[in-house]
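Everything below concerns the one structure shown next.
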Amino acid sequence: MLIKALILFMLLLILVSLGSGLVFMIRDRGQGRRTARALTVRVVLSAVLFLLLMLAYATGLLAPHGL
């Protein structure tokens, strides 16, 4: 259950980073570096989430299931 909470938390962080990138893009009008930094954080968080999912699947913490 802890792994699922961690996955949801990571997804929330990714959405917050994406939203902050949008806000920085609107406020800075393409002149600042904050937008690129926020989107870089989002990409890194997405990669970490992907690796976490692969690790959880490999260790058996997550298992695929049919409907």
### Query
To the nearest 0.5 Å, how far apart are OG1 in Thr35 and CZ in Arg37?
10.0 Å
### Message
Could you work out, with side-chain hydrogen bond (donor to acceptor under 3.5 Å, both in side chains) as the rule, every residue matching Arg27, not counting sequence neighbours?
### Response
none
### Message
Under 4.5 Å between side-chain heavy atoms, counting indirect links through other Ile/Leu/Val/Met/Phe/Trp/Tyr residues: same cluster for Val41 and Leu6 or not?
### Response
yes
### Task
Determine, stepwise, if the pair Leu61 / Leu55 fulfils side-chain contact (heavy atoms from CB on, under 4.5 Å).
CA-CA 8 Å; Leu61 293 173; Leu55 181 67; over 6 Å; no
Side-chain donor/acceptor pairs under 3.5 Å, residues 9-24, sequence neighbours excluded:
{"unit_1": "Ser17", "atom_1": "OG", "unit_2": "Ala38", "atom_2": "O", "d": "2.6"}
{"unit_1": "Ser17", "atom_1": "OG", "unit_2": "Arg42", "atom_2": "N", "d": "3.4"}
{"unit_1": "Ser20", "atom_1": "OG", "unit_2": "Val16", "atom_2": "O", "d": "3.4"}
{"unit_1": "Ser20", "atom_1": "OG", "unit_2": "Ser17", "atom_2": "O", "d": "2.9"}

## Note on the structure
Value for CG (Leu45) from CG (Leu52), rounded to nearest 0.5 Å, stands at 11.5 Å
### Query
Mind checking what makes side-chain contact (heavy atoms from CB on, under 4.5 Å) contact with Ala36, not counting sequence neighbours?
none
### Residue list, salt bridge (Lys or Arg N to Asp or Glu O under 4.0 Å) with Arg34, at least two apart or on another chain
Asp28
### Fellow cluster residues of Met54, listed by chain then number, with links counted only when side-chain atoms sit under 4.5 Å apart
Phe50
### Interatomic spacing from CG in Leu39 to CE in Met25 - rounded to 0.5 Å
8.0 Å
